[in-house]
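Only one structure is covered here, and it is reproduced in the block below.
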Amino acid sequence: MAMKPVTFTLNGLAKAAFTEDGQNLLDFLRRGVGDMAPKYGCGQGGCGACTVLLDGVPHLSCLTLAETVEGRRVDTASGLAGATISPLQEAFMDRFAAQCGYCTPGMLMAATALLAKNPRPNRDEVIEAISGNICRCTGYEPIIAAILDVAEGRVGA
Amino acid sequence: MKDIPMVGGNMIDFRKEFFADERPEVLNEIGKPTRRQDITGHVTGRSPFYDDHQFEGLLHMRCLRSPHHAARIRRIDSTAAEKMPGVVRIVTGRDVPRNLNTLLSLLDFGIDDEPIIATDRTRYRGEAVVAVIARTDREARDAAAAIRVDWEVLPHVLDVEEAVKPGAPAVLDIYPNNKFAYHGKYDHQKLRFGDAETAFAQADHVIEGRYQMSPIEQAPIETCGAIAAPEQDGRYVCYTSTQALFFSLGTAAKVLDLPSSRLHFIGGTVGGGFGGKVDSIHEPMAILGAILTGRPVKFMWDREEEMQVGAPRGAELWYVKDAVMRDGRIIGRKFTGYFDSGAYTRLSSYAIIKGVGHLPGPYTIPNVHADVYCVYTNRTPATAMRGFGITGVDFAIEAHMDKVADTLGMNPIELRLRNAYRDGDMKAHRRLAKNCALIECCQVVAEKAGVKLSPELAALSSTKGGGGDRAQMPAFTRTDENGRVEGYKPWSYARKDGAKRDPIPPGMAPPPQQPAPTYQASRPPSPSWGGDGGGGQTQSGGSAPPASPPPNPPAAPARPGAMRFSSLSGFRRR
Amino acid sequence: MAVTVETHGALADAARAMAGGGTYMGGGTVLMRGVNDGSVQGRLLRSTDPALRAIRATGDGFTLGAGVTMADVLASRDLEFLHPVARVIGGPQVRAMATVGGNLFAPHPYGDFATALLALGARVVPAAGGSPRPLDDILRDRARPHLLAAIEVPRPRDARAFGFLKVSRVKPKGVSVLSIAAHLPRDGGRLRNVRVSYGAMGPAPLRAVSVEQVLEGQSLDPATIARAAQVAAEGLDPPTDPISSGWYRREVVGVHLKRLLERMA
């Protein structure tokens, strides 16, 4: 099977790895690069657990060919925290916005993209931004509340 | 930390009034926001779910699955698949050391009925027939698709009432009438409390209803799966999504015929379960793959498998019949229930035990009768889900309460208040009710819904008026021997206290002394013992009556000091 | 068999390569499912031609490159009349990926955008060259390979003339139970050149011929709307799927058509 080299930026760091024809970005990031934050939930674009940012825009990594990220910027939940937790993560912690935690990396990336584009979203805009992400156990309200905490400057207060 | 507002402003605090003896006063957490201990991992994407463990040279396992509801496997041809790129090993049922199990066999509950990989017959669409282990998931899928199976399609049955009719296709040969054998005695679980028939004769109204509920998939976002790898000292490590780690460990040890000391199970981080991750299929499959290849192997359902093959909450069908007096008192209630177990037992047999223990709901009704059947159909086997065994019948009961109220022209809250159980009442499963709060809940509901209660109803309390006559066992309980079955060990429902496992499949009778009636399953076990069908023998028609009818109704396991189920994981002394 | 991926800088090269067999991948939101589950095999063709992402104004409308995404549509002020359609397709992730061209070939119950384009009388520009063809033709014969370069979308006569409604069971959005698009140009108070289309009411988006006949030449008054709703399901045999039964789709289509028409009246 043909191996193709891919050079890209992952969470701010230059990366190069090989992909196989037809390999999706989710499998490439997890198995090929070792970034386990994006999750497999469906492989069909239905759940959003695999959400990553491509050049700042949320994409479904399970429906993206790995080779198409050549030269692009990929951001995952692994890159959200530096030495300290980010305000969005802090808000998720405070609001109990993660129960099993499996949808959380995808939720965080959908929310990150929203807040980057629109730092003060209203509730409807938050709901719209996470409408491609399914959560089965936390419930959406704590997640919405956490994102609104960031939007309305309540984190760390 | 900031304040998290409480929902609704005026909190209703029954705790001090009704549960004063139950909980200590020093509640340090309730009412305050708190952080989960695992939350940091969740928000950084570092919580280690089973699929997050990396292994050099990890292989992937995929199954070829039955496209038919019921079929005989004449021949499996995997010669093309074996030669495909990346394929390491083809696995069939013959590779499974002990390819027959029932999920609760570790509790001696039920008879082994389900192969890990089907060998000669499939009983539901999606049942695994062959597994392929390959270098990548894609290669495993491509090879599985290249396996040819010569099928003989068999008649199937997908509806519980069809399945219990005479002449219906037998799903499992060991339960030839498609009904689980309770306590080795009856083809249904019985509840007899008082005399419902007399109650119907005395009632002002007899109100009947039929209620059903579809199967419900738990649909966790993380699909079920496991990764197994050879460890040092002949051990295998297994990372799994299971909700029941030791249950899965015991099942894997049994199916693989390995001492559990050779299995190192790691779990606990589960991406949503809701009951759907207890069936312990992935762990033995992944470990078997690791044994057969000497390499790390992952067996993970994709979303389609999770939905089609993953065991749902089973469908239920209930008939409820109430004997009701004009003033709203329910004096008798009769249930006939059917749980759709799907093609194998899994946990449905036990779900019914739990469901029947719940009858007739949170009401004090002096005469209760229930016949509840665990029925086999050619549908995906059912398993646990939230409210295990209770949710379906509760839906039926509460829908029926509304129907009764409607028939009487009574407010449904009032009907519930009039029949609600109170502290000290004898319940149909022969326990005294305590910590009741239904009356108070109804009163709050009435208030919130703007329903004006009469002073009499508003004054009712769970702590008053219960017990006394209401604590008495019925003077007479009508019993019967309907649905008697032969050929099963009477203790095949639950056994403990270190009783040794039988050399023959647990729960099966030793070969009967008289030639009839016989069941095919009373053969000695062998790896290919998957039920060879052979036209599906049925119980012989004129079976002999039981030697001596039991003196007590069987649904009253009220032996002092006996052990009883308290949960899936163990027993509790009464 | 396995999958091989070929990427061409120019769409014309991809079109030539398609002649040798293969499947063209647009945004991937439909096709990648098959790549993941193994049902798609063989050659996958892609193109990075920038023309595919272009949105151009023409005399009476716009030309959308086949690779224009739903997010691109939402980012374009010119295409405001299509925003209500693009907004209800998928979540932000899907909209960033799903293309206008791909939506024309998305299997039932997808194809809400194609439904809207059908009502607007859009035409498709083949990648291999030749004159644009009515979208109706492509939707009737989707099994045949068609590689498209662009879609020509006429501008609705006025903002009031075009309406779209999507019904799903999941809020705020989900897969279609059905969708309805209507282009109802008015001429002296009468409806002229009426086009009404349905999504998820057949194997592909289709025209609501009976409804169009009822509306044509009439004014959009309550009596006309009632008659249109009455014939809403005429001649239709909608599919049954996990979202909805065909029976249910037939039962409710008239109700939703009525709501849409009342909104547009």
Please check this pair: side chain of A:Tyr40 against backbone of B:Arg303, looking for a donor-acceptor N/O pair closer than 3.5 Å.
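Yes, A:Tyr40 side chain to B:Arg303 backbone: donor-acceptor pair under 3.5 Å.
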
Counting only N and O atoms by type, is there a donor-acceptor contact under 3.5 Å from the side chain of A:Arg136 to the main-chain atoms of B:Ala219?
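Confirmed, A:Arg136 side chain pairs with B:Ala219 backbone.
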
Can you confirm whether B:Glu304 is buried at CD, in the sense that more than 12 heavy atoms of other residues, nucleotides or ligands lie under 6.0 Å from that atom?
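It does not: B:Glu304 CD has 12 such atoms or fewer within range.
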
Has A:Lys4 got more than 12 heavy atoms of other residues, nucleotides or ligands less than 6.0 Å from its NZ?
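Atom NZ in A:Lys4 is crowded, with more than 12 foreign heavy atoms closer than 6.0 Å.
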
Is it the backbone or the side chain of [X] that comes under 4.5 Å from a heavy atom of chain A, or both, or neither?
X	value
B:Met307	neither
B:Thr269	neither
B:Ser47	backbone

Looking at side-chain heavy atoms only, is the closest gap between B:Phe274 and A:Cys137 below 4.5 Å?
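Yes - at least one pair of side-chain heavy atoms lies under 4.5 Å apart.
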
Is the closest side-chain heavy-atom distance between A:Arg31 and B:Thr136 below 4.5 Å?
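Touching, per the 4.5 Å side-chain cut-off.
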
Heavy-atom pair with the smallest gap, counting every atom of [X] and [Y]:
X	Y	answer
A:Cys100	B:Gly271	SG-C, 3.5 Å
B:Val43	A:Thr104	CA-CG2, 4.2 Å
B:His42	A:Ala98	CB-CB, 4.0 Å
B:Ile221	A:Ala49	CG2-CB, 4.0 Å

Salt bridge or not for [X] and [Y], using N-O below 4.0 Å?
X	Y	value
B:Arg35	A:Glu90	yes
A:Arg30	B:Asp52	yes
B:Asp51	A:Lys39	no

When heavy-atom pairs shorter than 4.5 Å are enumerated against chain B, which of A:Ala37, A:Pro105, A:Cys42 gives the highest number?
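Maximum pair count with chain B is reached by A:Cys42.
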
Can you tell me which portion of A:Ile134 sits under 4.5 Å from chain B's heavy atoms? Options are side chain, backbone, both or neither.
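Its backbone and side chain both get close to chain B.
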
Residue part contacting chain B, namely of A:Gln99, when any heavy atom lies under 4.5 Å:
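When you check distances to chain B, atoms from both the backbone and side chain of A:Gln99 fall under 4.5 Å.
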
Rounded to the nearest 0.5 Å, how far does OG1 of B:Thr223 lie from OH of A:Tyr102?
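Those atoms lie 6.0 Å apart.
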
Point-to-point distance, once rounded to the nearest 0.5 Å, from OG1 of B:Thr44 to CD1 of A:Ile85
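So the gap between those two atoms works out to 6.0 Å.
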
Assess the residue pair B:Gln54 and A:Met36 against the criterion (side chain to side chain contact (heavy atoms under 4.5 Å, CB included)); give the C-alpha distance rounded to whole Å, side-chain angles, the decisive distance to 0.1 Å, and a yes or no.
CA-CA 9 Å; B:Gln54 277 193 300; A:Met36 293 297 180; 2.9 Å; yes

